[in-house]
Asker: 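Quick one: the structure is below, and I'll ask about it shortly.
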Amino acid sequence: MRLIFLGPPGAGKGTQAERIANQWQIPHISTGEILRHAIANQTPLGLKAKAYVDAGELVTDQLVINLIQERLGQKDTERGWILDGFPRSLSQAYALDHLLQNLRQPYSQVINFQTSTEILVKRMLERGRQDDNEVTIRRRLKVYQEKTAPLIQFYQKRGCLQQIDGNASIEVVNQILSGTIQEVLSV
Ligand code: AMP
């Protein structure tokens with residue numbers, strides 16, 4: 001099972017990805033998590049990414065594409081994976097196509113978490129991550145609209161996009177999502 005989780009910041013992609021990944025015993029690959037870890041450890045990647053993440057901007061495509069390429073090349077991805085937070089732009093989506101073709105690992109489905117802006121902002125403020133302050137939240141939502149939202153149509157056109165209502169509670173979303181995944185797998 002190879003899934004791409006799409007949606008604005010605060011939609012609950014990470015929380016849901018964590019659960020599904022545990023259930024299925026496959027890696028949950030979050031570019032945001034990898035970057036935060038690199039920043040905390042002051043690795044060369046972290047030093048390059050820090051200013052972008054702090055400002056709520058996207059880090060450069062090349063940086064995240066290299067990161068994903070390396071991660072998907074690791075052994076534990078053979079049974080499947082969930083991508084959370086990648087791709088985030090059309091150029092990243094094309095790069096992912098290319099990469100998955102080389103790896104002979106097509107994705108099974110793209111799941112889009114539709115969530116109202118009000119709920120997104122509330123969740124992010126409650127979460128209280130370092131980049132969850134009001135200014136950065138506003139910027140991340142704008143960047144999402146400009147760069148990431150076009151991916152909905154991109155994957156819709158390919159007929160491989162499932163919409164999930166991300167407004168409900170963690171439990172409810174998890175149940176709906178599990179049902180959707182079962183459906184996808186049984187086709
Ligand atoms: P996230 O945890 O997915 O909300 O990501 C946190 C931050 O990491 C984002 O605001 C970006 O600065 C950076 N980031 C994560 N994934 C990507 C990506 N695919 N492309 C560019 N920047 C990213």
Side-chain angles (χ1 to χ4, degrees), residues 2-21 27-74 77 81-100 103 107 110-117 119-152 154-155 164 166 170 173 177:
R2 293 182 285 265
L3 298 173
I4 297 174
F5 280 13
L6 212 61
K13 304 184 297 294
T15 306
Q16 298 297 336
E18 192 69 56
R19 291 187 161 213
I20 301 291
H28 164 207
I29 302 176
S30 156
T31 41
E33 280 293 320
I34 296 171
L35 292 171
R36 278 188 288 283
H37 191 256
I39 292 170
N41 289 306
Q42 301 186 340
T43 67
L45 170 69
L47 294 176
K48 279 185 210 150
K50 185 174 172 17
Y52 296 97
V53 174
D54 284 349
E57 302 292 340
L58 295 187
V59 307
T60 61
D61 283 343
Q62 207 48 55
L63 214 79
V64 276
I65 290 164
N66 287 345
L67 183 164
I68 279 290
Q69 180 164 14
E70 203 216 282
R71 185 63 188 87
L72 288 179
Q74 288 172 22
T77 59
W81 36 255
I82 302 178
L83 290 188
D84 158 22
F86 184 93
R88 241 178 169 96
S89 65
L90 279 171
S91 51
Q92 290 181 17
Y94 286 119
L96 181 63
D97 280 347
H98 186 69
L99 180 61
L100 295 183
L103 291 169
Y107 56 81
V110 182
I111 312 244
N112 184 47
F113 291 73
Q114 280 182 308
T115 316
S116 77
T117 308
I119 289 186
L120 296 175
V121 173
K122 185 171 169 282
R123 283 188 188 155
M124 280 191 269
L125 288 173
E126 280 171 3
R127 186 168 67 179
R129 227 164 57 191
Q130 202 187 332
D131 59 343
D132 284 339
N133 58 75
E134 267 183 58
V135 176
T136 312
I137 287 175
R138 212 173 303 134
R139 183 64 200 147
R140 278 153 66 210
L141 289 173
K142 191 154 192 293
V143 169
Y144 166 80
Q145 282 305 335
E146 285 173 11
K147 303 266 175 61
T148 314
L151 293 181
I152 298 173
F154 176 83
Y155 287 116
I164 289 274
I170 293 176
V173 175
L177 181 60

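Atom set for the values below is all heavy atoms of this structure, side chains included, hydrogens, waters and symmetry mates excluded. When a ligand or atom number is given, it counts from 1 through the structure's own listing order.
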Asker: Note down each nitrogen or oxygen pair, ligand 1 side and protein side, whose separation is under 3.5 Å; give only atom names and the distance to 0.1 Å.
Answerer:
residue  : atom   : partner : partner atom : Å
ligand 1 : 2 (O)  : Arg36   : NH1          : 3.0
ligand 1 : 2 (O)  : Arg36   : NH2          : 3.1
ligand 1 : 3 (O)  : Arg88   : NH1          : 3.0
ligand 1 : 3 (O)  : Arg88   : NH2          : 3.1
ligand 1 : 4 (O)  : Arg88   : NH2          : 3.2
ligand 1 : 4 (O)  : Arg129  : NH2          : 3.3
ligand 1 : 5 (O)  : Arg88   : NH2          : 3.4
ligand 1 : 12 (O) : Glu57   : O            : 2.6
ligand 1 : 16 (N) : Thr31   : OG1          : 2.8
ligand 1 : 16 (N) : Gly85   : O            : 3.4
ligand 1 : 16 (N) : Arg88   : NH1          : 3.1
ligand 1 : 19 (N) : Gly85   : O            : 2.9
ligand 1 : 19 (N) : Gln92   : OE1          : 2.9
ligand 1 : 20 (N) : Gln92   : NE2          : 2.9
ligand 1 : 22 (N) : Val59   : N            : 3.1

Asker: Identify every side-chain donor-acceptor pair in residues 4-14 under 3.5 Å, counting partners at least two apart or on other chains, and give the distances.
Answerer:
residue : atom : partner : partner atom : Å
Lys13   : NZ   : Gly7    : O            : 3.1
Lys13   : NZ   : Pro8    : O            : 3.2

Asker: Evaluate the side-chain proximity of Ile29 to Thr77: yes if any heavy-atom separation is below 4.5 Å, no if none is.
Answerer: yes
Asker: Of the non-hydrogen atoms in Asp132 and Arg140, which two are nearest, and what is the gap between them?
Answerer: OD1-NH1, 3.0 Å
Asker: Could you tell me which non-hydrogen atom of Pro87 sits nearest to which non-hydrogen atom of Ala93, and how far apart they are?
Answerer: CB-N, 3.5 Å
Asker: Closest heavy-atom contact between Ile137 and Leu125?
Answerer: CD1-CD2, 3.7 Å
Asker: Regarding Asn66 and Gln62, is there a side-chain donor-to-acceptor distance under 3.5 Å anywhere?
Answerer: yes
